[in-house]
Amino acid sequence: MEIIRMVLPVLVGAVIGYFTNYLAIKMLFRPRNEVRIGKWRVPFTPGIIPKNQGRLANAVGNAVGGHLFNLETLKESFQKNGTKEKLVKKVAASLYESDACLGDFFSSDENHGELIDRFCKGLAGSVKEKLCQMELKPIVAQIGKETLGDLLNHKMVTMLLTEERQDAIYERIAAAIHKYLEENGEEMIRGAISQNVMKLEGKPIKEIVQAGTSREGLEHLASYVVDTAVERYGAAVMQAVDVSAVVRERVESMDVAEMERLTLSVCDKELQAVINLGALIGAVIGIINIFI
């Protein structure tokens, strides 16, 4: 009888602690809907998570978008485990060995011709602008001197073409070339670019790439393009995707039963340990009560 009197408080404390923690964990998700008796709402209904699902969605969205999956973490994860190197090698290998032609990528596009035309026009405009910004007179003078060569040392020629006259001629030629480029340069350059683009469209990509660089050089170029794309456009992509909003909407629309299954699948052992800890604490309190 004395043994029962000593053991019973320990068992009762353990059972109470066990079921108290078990009930507390269940009340995180249940009841899933509000319970009312007439106009009176039963306390703690719905459960904590169903009642605060909107706040939870906000918190999870901000945590994921603000700290767990931002531009910096994207860059770090991209650099880890050789992810970037694998991507660069794969891109370089696919280009270096591709039998596809450039034209294949645009053949199904109805605006193919318009895209090519815009590309050629834009490139021609850029080339013309750079040419017009160049100081042409030194180039003309160098070509003139190389062309005339020894004639410039002839006494009769030097009498007729003094350095001042040569300089004036070079300046007029440079001005004429500059004027021609301003008026006709874009059209002339555009025609040349269009012809070359049409030739390139029919060539396999590997021929174009292999003629221009080695595999190592292509990998280096691909690495630079990847780094530049992440650096320049990563923030814009992250902003456009809006990870926080995506996560928030997903959590808000998630069924509570699905959330419960997901939580238990991840933390089942930990939650069971909390329940067992409640039983242990209850048993300890029961032991203490024996000696009070």
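As a basis for the values below, the full set of heavy atoms in this structure was taken, side chains included, without hydrogen atoms, waters or symmetry mates. Model, not experiment: these values are computed from the prediction.
Cluster annotation: Ile281 is not connected to Leu8 through the hydrophobic network of ILVMFWY side chains, with a link wherever side-chain heavy atoms come within less than 4.5 Å. In the hydrophobic cluster analysis, where Ile, Leu, Val, Met, Phe, Trp and Tyr join through side-chain heavy atoms closer than 4.5 angstrom, Met254 is grouped together with Leu28. Under the 4.5 Å side-chain heavy-atom criterion for ILVMFWY residues, no single connected hydrophobic cluster contains both Val15 and Val12.
Summarising the geometry of Pro50 relative to Pro31, their closest heavy-atom pair is CG-O, 4.1 Å, with the distance given to 0.1 Å. In plain terms, the two heavy atoms of Tyr180 and Met188 that are nearest each other are CE2-SD, 4.1 Å.
Ile16 CD1 to Ile285 CD1: the interatomic distance, rounded to the nearest 0.5 Å, is 9.0 Å. Separation of atoms CD1 (Ile49) and NZ (Lys51) is listed at 13.5 Å; rounding is to 0.5 Å. Interatomic distance, OG of Ser265 versus CZ of Arg261, reported as 9.5 Å (0.5 Å rounding). Interatomic distance, Ile177 CD1 to Glu182 CD, rounded to the nearest 0.5 Å: 13.0 Å. One finds the CD1 atom of Ile173 at 13.0 Å from the CD1 atom of Ile139 (value rounded to the nearest 0.5 Å). To the nearest 0.5 Å, the span separating CG on Leu280 from CG on Asn21 amounts to 11.0 Å.
In this structure, the side chains of Lys137 and Glu135 come closer than 4.5 Å at one or more pairs of heavy atoms. Looking at Leu271 and Ile275, their side chains never come closer than 4.5 Å, going by heavy atoms from C-beta outward. Between Met134 and His178 the shortest side-chain heavy-atom distance does not fall below 4.5 Å. The closest side-chain heavy-atom distance from His220 to Val88 is not below 4.5 Å. Counting heavy atoms from C-beta outward, Asn62 and Arg248 have side chains that approach closer than 4.5 Å. Counting heavy atoms from C-beta outward, Leu23 and Met27 have side chains that approach closer than 4.5 Å.
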One pair to check against side chain to side chain contact (heavy atoms under 4.5 Å, CB included): Glu186 and Glu129. What are the steps and the verdict? CA-CA 9 Å; Glu186 184 172 334; Glu129 184 180 351; over 6 Å; no
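Counting heavy-atom neighbours within 6.0 Å of Glu187 CD, excluding the residue itself, gives a total of 12 or less. Annotation: Lys26, atom NZ; neighbour count of heavy atoms from other residues, nucleotides and ligands within 6.0 Å is above 12.
Side-chain polar atoms of Gln272 and Asn276 form a donor-acceptor pair below 3.5 angstrom. Between the side chains of Arg55 and Asn58, no donor N or O sits under 3.5 Å from an acceptor N or O.
Salt bridge annotation for Glu258-Arg250: present, with a cationic side-chain nitrogen under 4.0 angstrom from a carboxylate oxygen.
Looking at Gln53, its side chain does come within 3.5 Å of a backbone N or O of Val251 through a donor-acceptor pair.
With sequence neighbours left out, Arg172 forms a side-chain hydrogen bond (donor to acceptor under 3.5 Å, both in side chains) with no residue at all. Every residue meeting the side chain to side chain contact (heavy atoms under 4.5 Å, CB included) condition with Glu34, not counting sequence neighbours, appears here in chain and number order: Arg36, Arg41, Thr45, Pro46.
Apart from Val246 itself, the hydrophobic cluster it occupies contains nothing, where clustering links Ile, Leu, Val, Met, Phe, Trp and Tyr at side-chain heavy-atom distances under 4.5 Å.
The aromatic rings of Tyr22 and Phe19 sit perpendicular to each other, their planes meeting at more than 60°, with 30° as the lower class boundary.
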